[in-house]
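Values reported hereafter were calculated over all heavy atoms of this structure, with side chains retained and with hydrogens, waters and symmetry mates removed.
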Amino acid sequence: MVDVRGVHKAFGTLRVLRGVDLRVRAGEVVVILGPSGSGKSTLLRSINHLERLDRGFVRIDGELVGYRRSGGRLRELTEREVLRQRVHIGFVFQDFHLFPHLTVRENLVEAPVSARRVPRRVAEARAAALLARVGLADKADAYPRRLSGGQQQRVAIARALALEPKVLLFDEPTSALDPELVGEVLDVIRDLARAGTTMLIVTHEIGFAREVADRVVFMDGGLIVEEGPPEQVLDAPRHARTRAFLSKAL
Amino acid sequence: MSGSVTRDAAGGRAARREDGEEPDGLPIVPARHYGRWVAALVVLVLLAQFVHGLVTNPGWDWETFFDYLFAESVLRALWLTVQLTAYGTVIGFSLGVLLALMRLSGSPLLRGVAWGYVWAFRSIPLIVQLLFWFNLAYLYRELGLGIPFGPVFWRFETLHLVGAMSAAVLGLALHQAAYAAEIVRGGIIAVDPGQREAAAALGIPRARQLRRIVLPQAMRGILPNAANEIVSLFKGTSIVSVMAIGELFYRVQVIYGRNGRVVPLLMVATFWYIVLTTLLSLAQARVERYFARGVGRTRPRAAWRRALARLPRLPRLAAAARRPAAGAPAAEGPATQRGAA
């Protein structure tokens, strides 16, 4: 489903990704752990081409993201074409980034209507169903800033789901939340995992990783250091850096 | 009744201080600002003096003022001023938005051209520019529409095409566009970049990102400055009186040139400038409230409603007046007493 190959990315002289390979199968839940600055978020942002790659490529369902193969080269796509590809890749931000001047319903309806040309009535019905799914059926007419952080993040997840993406990317979805609100967001993600949604999750919630992940990936210094089933990576890490990180995090 | 509660509370406080307990449930007396009262008194006396002078000083010549306030020639001049402002605003801000988008575009050429435009039109004094447009026929006798560097399909005589009025509109609008461009750009760059990123992550098309996501949020930053510009354009239209266009200020000058009543006629112009600026300010407040939806945790309210809410004494008095009628025993009830005791 998701195929990341030899991805390099530098900001100026800072080499953030130094050749990352990662494959995610359909229906699989992969959790990415790692210290700050290890390149987790940049990797996630490269997958939907919010960051341009310096080298390597990303494929979703066999389709190159951000580039087109022509002859022996990769040609960069125009922004319009990239936008069309992003419809298939849901992204949930750490700081939610809901549109504050639109109601919750309008937040959910906007992209399906403008990017997928779904009829407004259909999109609204779908929005209502999604809000019910994340437990916010009664908040459709509220403005985002009038909701709690946990509620806002649940709306943001529903907004990403409204496009019926092939894969969902979560960039530290609970890091901006008060501890008592983390649970409600994790519950929603857990439900999605049970429903067989393909997900890539960057998080610091190690307990949650153990519970929902089919596979845990540990990153450090722009590289994947270790990956495997959660019980292996979390309970019997092979690499010294993984052990050091886990001993601090737990 | 309420007095007895307070006395009880005071007694309770005394008892508490002896006991060294916490002062919960005691009534709160707002701080008294004696300095403010003195200042308010001084200001009121000065205001009274000013109003007294306006009424009693014959120099203001209120009779002439009222003679001309609604005179047809004045009203027609006022209408022309309003038109100049409207054209200047609409054309100026449309061009301004375009320039702002050019300056934010990825193309260095577009960025450069927009920057150059703003640089040029901010550098040239408005009055110089107006006279320049007024004398355009001196530079270009004819203007034509056709293929650049190729054949021309329509030709116009500049002298007929650019009269005094269109020269004025052109000058005001082009000048306004330079300032509007910077105001709009300022509004756009003040929007959280995460908004644009979220829209991009959702695959929303670019034009739509701008129209639906970025600009409505930018409006909050744009509006106060834009209103400033419109008000100053409205008053600034008086500058086109140099081209003998019969707008408000020019008309007033003509009248006092004839009858020599300078002060009352200037007051006529002042009156109308104030009235229209007030209307603009009211409109501004409404539009700003519209774009403030979703910003805070509560619905934005009109300024006068907020002012009412801030007058705590009136509603409290009203409530006190209502209370004995609506179930006096409950108000005097043990709950209050227990709370204080």
Requested in this report: Check whether more than 12 heavy atoms from other residues, nucleotides or ligands sit under 6.0 Å from atom CZ of A/R146, and answer yes or no.
Outcome: yes
Query raised in the report: Is the number of heavy atoms from other residues, nucleotides or ligands under 6.0 Å of B/R111 CZ greater than 12?
Result: yes
Query raised in the report: Nearest heavy-atom pair of B/A201 and A/N48: which atoms, and what distance?
Result: CB-ND2, 4.0 Å
Query raised in the report: So which part of B/R212 gets closer than 4.5 Å to some heavy atom of chain A, the side chain, the backbone, both or neither?
Result: both
Query - Partners passing side-chain hydrogen bond (donor to acceptor under 3.5 Å, both in side chains) against B/N228 (at least two apart in sequence or in another chain) - result: none
Query raised in the report: Under 4.5 Å, heavy atom to heavy atom, which residues of residues 112-144 of chain A contact chain B?
Result: A/S114, A/A115, A/R120, A/Y143
Requested in this report: Assess whether atom OH of B/Y273 is packed by more than 12 heavy atoms of other residues, nucleotides or ligands within 6.0 Å.
Outcome: yes
**Report entry** Residues, nucleotides or ligands: over 12 heavy atoms within 6.0 Å of B/R206 CZ
**Finding:** no
Report task. May I ask you to name which of A/F93, A/F91, A/F96 has the most heavy-atom pairs under 4.5 Å with chain B? Result -> A/F93
Query raised in the report: Can you tell which of A/E79, A/H88, A/Q85 has the highest number of heavy-atom pairs within less than 4.5 Å of chain B?
Result: A/E79
Query raised in the report: Considering only heavy atoms, which portion of B/R208 lies under 4.5 Å from any heavy atom of chain A: side chain, backbone, both, or neither?
Result: side chain
Requested in this report: Measure distances from A/R84 to the heavy atoms of chain B and classify the residue's part below 4.5 Å as side chain, backbone, both or neither.
Outcome: neither
**Report entry** Nearest heavy atoms of B/L202 and A/L163, plus distance in Å
**Finding:** O-CD1, 3.3 Å
Query raised in the report: If you count the non-hydrogen atoms of other residues, nucleotides and ligands that lie under 6.0 Å from CZ in B/R289, is the total more than 12?
Result: yes
Query raised in the report: At their closest point, which heavy atom of A/V87 faces which heavy atom of B/G203, and how far apart are they?
Result: CG2-CA, 4.2 Å
Query raised in the report: What residues of residues 171-199 of chain B sit under 4.5 Å from chain A when only non-hydrogen atoms are counted?
Result: B/D192, B/G194, B/Q195, B/E197, B/A198, B/A199
Query - For chain B, which residues of residues 99-111 of chain A have heavy atoms nearer than 4.5 angstrom - result: A/F99, A/P100, A/H101, A/L102, A/E106, A/E110, A/A111
